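All remarks here apply to the structure that follows.
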Protein chains: 2
Amino acid sequence: MIKCLLVEDQTLVRLGLANLLNLDSAINIEAQAEDGLQALALLAEHSVDIVLLDMRMPNLDGLGVLQKMREKGDKTPVLIITTFEDCDVLVKALNLGARGYVLKNIELEELISAIKQVVAGERVLQSAVTDFLLKKQLSPQLCLTDKEQTVLQCMSLGMSNKVIAKKLDNSEGTIRNHVSQILAKLDVKDRTQAVIKAINQNLI
Amino acid sequence: MIKCLLVEDQTLVRLGLANLLNLDSAINIEAQAEDGLQALALLAEHSVDIVLLDMRMPNLDGLGVLQKMREKGDKTPVLIITTFEDCDVLVKALNLGARGYVLKNIELEELISAIKQVVAGERVLQSAVTDFLLKKQLSPQLCLTDKEQTVLQCMSLGMSNKVIAKKLDNSEGTIRNHVSQILAKLDVKDRTQAVIKAINQNLI
DNA sequence: CCAACGCTATGACAGATGTCACTGTTTTTA
DNA sequence: TAAAAACAGTGACATCTGTCATAGCGTTGG
């Protein structure tokens with residue numbers, strides 16, 4: 001019997017999914033969490049074979065949960081189940097040790113099969129995802145520096161260059177240069193596109 | 001026994017929800033559709049007491065289904081069940097005769113209660129929703145027009161004024177005026193803040 | 001019918017934004 | 001240690017963005 005922790009914020013989806021999965025004789029939903037903080041609390045109490053983890057949640061999102069788990073040395077395998085086909089989040093999740101990543105439009109049988117595979121120690125990735133990994137491996141370092149991260153955060157809060165400069169105690173020209181660099185790295189043309197990308201990909 | 005047609009594109013959610021609702025002795029999911037076209041086809045075959053309708057779907061979305069139903073004179077009551085708190089869609093759905101509008105983060109008991117109320121001929125709106133209607137009634141000048149919605153959508157995709165102008169076949173100046181108007185209505189200072197607000201509030 | 005509104009458009013303007021080239025300092029790392 | 005980054009800055013430049021005033025056109029509702 002596979003013991004699962006199901007983490008999903010939407011009550012209906014969570015209960016429905018729990019019901020469906022419990023119909024399979026090999027699977028048992030031991031516990032359910034409706035946000036990241038609750039998930040961590042339940043992980044501390046229960047010992048489960050796998051965590052079924054949604055990405056977008058209030059309080060603490062999926063990546064945050066993964067991060068905290070790793071910090072605590074928790075090695076419980078995690079299968080990401082998300083609505084969004086977001087390659088960067090995927091990569092981050094994998095780097096944080098997630099063992100599988102599937103979209104919510106998956107068929108029930110496939111999901112059950114994925115759960116069993118992950119528990120058996122295998123990796124489960126959808127093809128759209130592996131494509132991206134290959135592409136990324138071929139391309140060089142386009143990672144944001146700490147300072148660029150900070151500036152991007154400010155941009156994502158809607159600040160102008162002038163405001164950011166004042167907040168970070170830099171000249172406006174410096175911020176402009178950082179912004180320019182960020183745009184190049186993210187491969188976008190202006191700050192609005194950068195912010196959209198940052199929000200969608202949880203770069204912030 | 002209340003006969004339901006459940007329309008929802010995500011397999012997991014649909015099956016899960018069907019299971020949950022069938023647990024209630026008064027409710028029976030007669031048929032399930034995974035997109036709008038299938039929903040219309042099933043409506044022609046089955047006679048049901050209520051349609052549980054998702055909004056975002058491939059092929060034909062929720063609004064499209066409502067529209068077609070009204071064109072055909074189909075008076076079956078419809079309860080919208082959606083993830084997104086989208087004011088505009090809500091208003092359109094109500095104008096097309098939807099009898100209820102609830103978010104997917106609703107509790108199961110509330111959903112069941114909502115279904116029964118709608119079948120009984122009542123209207124069911126969540127407070128988040130009525131709040132908006134009130135706000136709208138109090139300050140109609142703050143509502144985006146159709147065109148402004150369209151422009152905001154484009155902005156949220158990262159388009160520049162020039163690109164939007166070309167896409168919508170307007171002059172760049174016109175788009176600038178629309179953008180200016182949008183910023184005023186959303187009470188923000190630049191397009192980046194507008195896009196952030198639009199994304200966070202699912203205005204798009 | 002006429003007022004109100006939505007949509008389109010123009011021109012002028014100030015200020016914000018992004019790019020480039022070039023110069024330093026400090027920290028990291030190979 | 002020396003090279004490579006990251007970090008901070010300046011100035012010039014072209015372009016984009018947002019505001020404002022103004023105005024014509026079409027539709028709608030009282």
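Remember, predicted model here, so these are calculated numbers, not experimental data. The basis for the numbers below is simple: all heavy atoms, side chains too, and nothing from hydrogens, waters or symmetry mates. We name chains A, B, ... by the order of the sequence lines, and we start the count at 1 in each one.
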Any protein N or O atoms within reach of nucleotides 21-26 of chain C? Criterion: under 3.5 Å, listing atom names and distances.
none

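- When the P atom of C:dT17 is taken as reference, atom NZ of A:K162 falls 9 Å away, rounded to whole Å.
- Note: CG (A:L183) to C1' (C:dC20) measures 14 Å, nearest angstrom.
- Rounded to an integer number of Å, the gap from NZ of A:K147 to C1' of C:dT27 is 14 Å.
- With distances taken from any side-chain atom of A:S160 to the nucleotides C:dG18, C:dT8, C:dT17, the minimum falls on C:dT17.
- Closest to the side chain of A:V179, from the set C:dG18, C:dA9, D:dG18, is C:dG18.
- Each of B:R176 and B:E148 has a nearest nucleotide on DNA chain C; the 5'-most of these lies closest to B:E148.
- Straight-line distance from the CD1 atom of A:I164 to the P atom of D:dA8: 13 Å, rounded to whole Å.
- Between B:T174 and the phosphate of C:dA9, there is a side-chain N or O to OP1/OP2 separation shorter than 4.0 Å.
- The only option from A:V48, A:V51, A:I27 that meets the side-chain contact (heavy atoms from CB on, under 4.5 Å) definition with A:C4 turns out to be A:I27.
- Note on B:T145: a side-chain N or O is less than 4.0 Å away from OP1 or OP2 of C:dC7.
- Between the CD1 atom of A:I81 and the CG atom of A:L111 there is a distance of 5.0 Å, given to the nearest 0.5 Å.
- Rounded to a whole Å, the CD1 atom of B:I182 is 11 Å from the P atom of C:dC7.
- Residue A:S171 places at least one side-chain N or O closer than 4.0 Å to OP1 or OP2 of D:dT10.
- The shortest distance between the side-chain N/O atoms of B:S180 and the OP1/OP2 oxygens of D:dT19 is below 4.0 Å.
- Whole-Å rounding puts the A:Q181 CD to D:dG9 C1' distance at 15 Å.
- Distance B:D146 CG to D:dT27 P: 16 Å, rounded to the nearest Å.
- The heavy-atom pair separating B:I182 from B:M155 by the smallest distance is CD1-SD, 4.2 Å.
- For B:N161, whose side chain is taken as the heavy atoms from C-beta onward, the closest listed nucleotide among D:dT17, C:dG18, C:dC7 is D:dT17.
- Distance check: A:R99 CZ to A:T76 OG1 gives 10.0 Å after rounding to the nearest 0.5 Å.
- The number of heavy atoms from other shown groups lying within 6.0 Å of NZ (A:K68) does not exceed 12.
- Closest approach of A:A39 and A:L5 over heavy atoms only: O-CD2, 3.8 Å.
- A salt bridge links A:K104 and A:D54; the closest N-O separation between the charged side-chain nitrogens and carboxylate oxygens is under 4.0 Å.
- B:S113 and B:Q117 are linked by a side-chain donor-acceptor pair at a separation below 3.5 angstrom, with hydrogens and angles left out of the test.
- Within the structure, every side-chain polar atom (N or O) of B:H178 is placed at least 4.0 Å from both OP1 and OP2 of C:dC7.
- A close approach under 4.0 Å does occur between a side-chain nitrogen or oxygen of B:N170 and OP1 or OP2 of C:dA9.
- In this structure, A:Q193 atom CD and D:dC16 atom P are separated by 13 Å, rounded to whole Å.
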